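Below, read A as the first sequence line, B as the second, and so on, with proteins coming before strands; counting in each chain starts at 1. Given the structure is predicted, the values throughout are model-derived calculations rather than measurements.
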Amino acid sequence: MPELPEVEIVRQSLEKKVRDKIIQKVLIKNRNLRFKIQSNFQKHLLKKRIKKIDRFSKYIIITFEDSSGFIIHLGMSGTIHLLHINKKNIYTNSSFYNSPILPKKHNHIEIEFEKIKIIYNDPRRFGYFLTFNNKLELNKKFLHFGPEPFSEAFNLKYILKHLKNKEKNIKNFLLDQKFVSGIGNIYASEILFYSKINPSRKAKNLNKNDCKKILFNSKLVLKMAIKKGGSTIQNFQNVNGKIGSFQKNFKVYQRENLKCIEPKCSGFIKKKIISNRSSFFCNYCQK
DNA sequence: AAGAGGCCCTGATAGC
DNA sequence: TGCTATCAGGGCCTCT
């Protein structure tokens with residue numbers, strides 16, 4: 001599911017619902033996520049008050065009053081659900097990003113607050129939770145990550161320097177979290193379409209103007225996606241207003257064989273597997 | 001040492 | 001109550 005925009009929407013939702021709340025109970029139904037849930041996980045969370053909920057790249061960072069906390073990564077299929085206690089003392093499902101219905105299977109972790117609880121669901125279990133004891137430990141986790149597209153550090157000079165003499169194609173560069181953090185397979189294709197650059201182009205062959213476009217469009221596409229509440233690929237039956245809609249704005253992703261959306265372009269969208277991931281592009285206007 | 005590919009896992013869908 | 005193959009929003013690890 002989640003690239004930077006989707007994770008940001010989850011962060012915003014969590015902030016509204018659980019900031020300043022105290023964790024009353026932690027239930028682990030399945031420890032075997034991408035990495036095994038640490039044995040001290042429950043103790044680490046219990047009775048802690050949530051001070052802030054940040055995001056870096058595709059990671060949600062939950063910090064307690066004492067600067068300890070934990071990180072959530074949603075992997076490919078992780079979703080967070082919210083349940084309220086009603087007047088009859090029964091938990092009722094509540095709308096939440098991308099997940100209006102609580103699935104029956106794969107609810108691995110429950111974190112309870114007063115009158116509210118969040119449930120982590122993840123069929124493929126590529127996501128994970130990781131605790132940290134202080135800011136230093138947290139920073140260490142992200143030490144080798146590249147800047148986010150919105151960061152000052154992600155500038156023309158930085159991009160030129162990193163792409164120089166590199167054989168690797170530009171699509172893979174955008175997916176490389178050591179180069180830039182937060183872009184995934186959907187937005188990589190979209191950003192390259194906006195930039196009129198073919199995903200297979202070798203990084204070393206991009207000129208200064210190409211890099212400028214990538215810089216500009218990375219920010220543009222991700223910001224538009226956040227504004228639209230992220231992208232929802234899966235079709236849920238009981239759709240409500242909380243579901244992201246940026247998939248309606250896809251120019252190339254999952255538009256194989258459809259006509260290029262560019263007004264003066266007569267090309268069609270092609271799909272090509274690059275490093276085992278699908279890439280979508282117009283082979284006419286993306287040079 | 002940069003870059004490619006396998007792999008972790010379940011579910012939805014298409015094609016037979 | 002079919003079966004099988006393919007693909008899916010990520011990223012760590014290994015091999016060359």
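Inter-residue side-chain proximity for A:R55 and A:L4 is flagged as met; some heavy-atom pair is nearer than 4.5 Å. In this structure, the side chains of A:K204 and A:L163 stay at 4.5 Å or more apart for every pair of heavy atoms. A heavy-atom distance below 4.5 Å is found between the side chains of A:R125 and A:H108. Looking at A:Y120 and A:L33, their side chains come closer than 4.5 Å, going by heavy atoms from C-beta outward.
What you find for A:Y187 and A:E3 is that their closest heavy atoms are CD1-OE1, 2.7 Å.
Taking the 5.5 Å centre cut-off and the 30° plane limit, the aromatic side chain of A:F126 is classed as stacked on C:dG10.
If you measure from atom CD of A:Q177 to atom C1' of B:dA2, you get 17 Å, rounded to the nearest angstrom. Counting to the nearest Å, the P atom of B:dA1 and the NZ atom of A:K168 are 15 Å from each other. A straight line from CG of A:D176 to C1' of C:dG10 spans 13 Å, rounded to a whole angstrom. Rounded to whole Å, atom P of B:dG11 lies 13 Å from atom NZ of A:K104. The distance between atom CG of A:L175 and atom P of C:dG10, rounded to the nearest whole Å, is 7 Å. The CZ atom of A:F179 sits 16 Å away from the P atom of C:dG11 (whole-angstrom rounding). Rounding to whole angstrom units, CD of residue A:E3 and C1' of C:dA8 are separated by 12 Å. One atom, CG of A:D122, and another, P of C:dA8, lie 18 Å apart when rounded to the nearest Å.
Under the 4.0 Å criterion applied to side-chain N and carboxylate O atoms, A:K141 and A:E137 are not assigned as salt-bridge partners.
Using bins of under 30°, 30° to 60° and over 60° for the plane-to-plane angle, the ring pair A:Y59/A:Y128 lands in the perpendicular bin. The aromatic rings of A:F179 and A:H162 lie tilted to each other, with the angle between the two planes from 30° to 60°.
Rounded to a whole angstrom, the distance from the P atom of B:dG11 to that of C:dC12 is 24 Å. C:dC3 and B:dC9: their P atoms are spaced 24 Å apart (whole Å). Comparing the P positions of B:dG3 and C:dG9 gives an interatomic distance of 23 Å, to the nearest angstrom.
Of the candidates A:H84, A:E110, A:H81, A:Q24, A:K117 forms a side chain to side chain donor-acceptor pair (under 3.5 Å) with just one, namely A:E110.
As judged by a 4.0 angstrom heavy-atom cut-off over every strand, A:Y187 is placed among residues making no nucleic acid contact. Residue-level contact check: A:N172 touches the backbone only, with heavy atoms under 4.0 Å from sugar-phosphate atoms and none from bases.
OP1 or OP2 of C:dG10 lies within a sub-4.0 Å distance of a side-chain N or O belonging to A:K58.
Side-chain contact check for A:K171 and A:S200: no donor-acceptor pair (N or O, by modelled atom type) lies under 3.5 Å. Counting only N and O atoms by type, the side chains of A:K228 and A:Q247 include no donor and acceptor under 3.5 Å apart.
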Report, one pair per line, the protein and nucleotides 12-16 of chain C atoms (nitrogen or oxygen only) whose separation is under 3.5 Å.
residue : atom : partner : partner atom : Å
C:dC12  : O4'  : A:R34   : NH2          : 2.7

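The stretch residues 270-283 of chain A comes close to DNA chain B through A:N276, each having a heavy atom under 4.0 Å from the strand. Annotation: proximity of residues 214-224 of chain A to DNA chain B (heavy atom, distance under 4.0 Å) is found for no residue.
In this structure, A:F41 has its ring center under 6.0 Å from that of A:F129.
The ring-ring contact (aromatic ring centres under 6.0 Å, His included) check on A:Y194 picks up nothing, with sequence neighbours excluded.
Consecutive Watson-Crick or G-U pairs involving DNA chain B, each under 3.5 Å on both distances, make up stems of three or more pairs at B:2-8 with C:10-16, B:10-16 with C:2-8.
Residue pairs meeting the ring-ring contact (aromatic ring centres under 6.0 Å, His included) criterion with at least one member in residues 268-287 of chain A, sequence neighbours excluded, are A:Y253-A:F280.
Contact of A:R124 with B:dC9 (side chain to base): a donor-acceptor pair of N or O atoms is detected under 3.5 Å.
When each of B:dT10, B:dA4, C:dG9 is scored by its nearest atom to the side-chain atoms of A:I186, the top-ranked nucleotide is C:dG9.
Along DNA chain B, the nucleotide nearest A:N165 and the nucleotide nearest A:H106 are compared for position; the residue whose nucleotide lies closer to the 5' end is A:N165.
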Start with the C-alpha gap between A:E65 and A:K51, add the side-chain angles, then the distance that decides, and say whether salt bridge (charged side-chain N to carboxylate O under 4.0 Å, His left out) holds. CA-CA 5 Å; A:E65 288 172 306; A:K51 188 183 171 193; over 6 Å; no
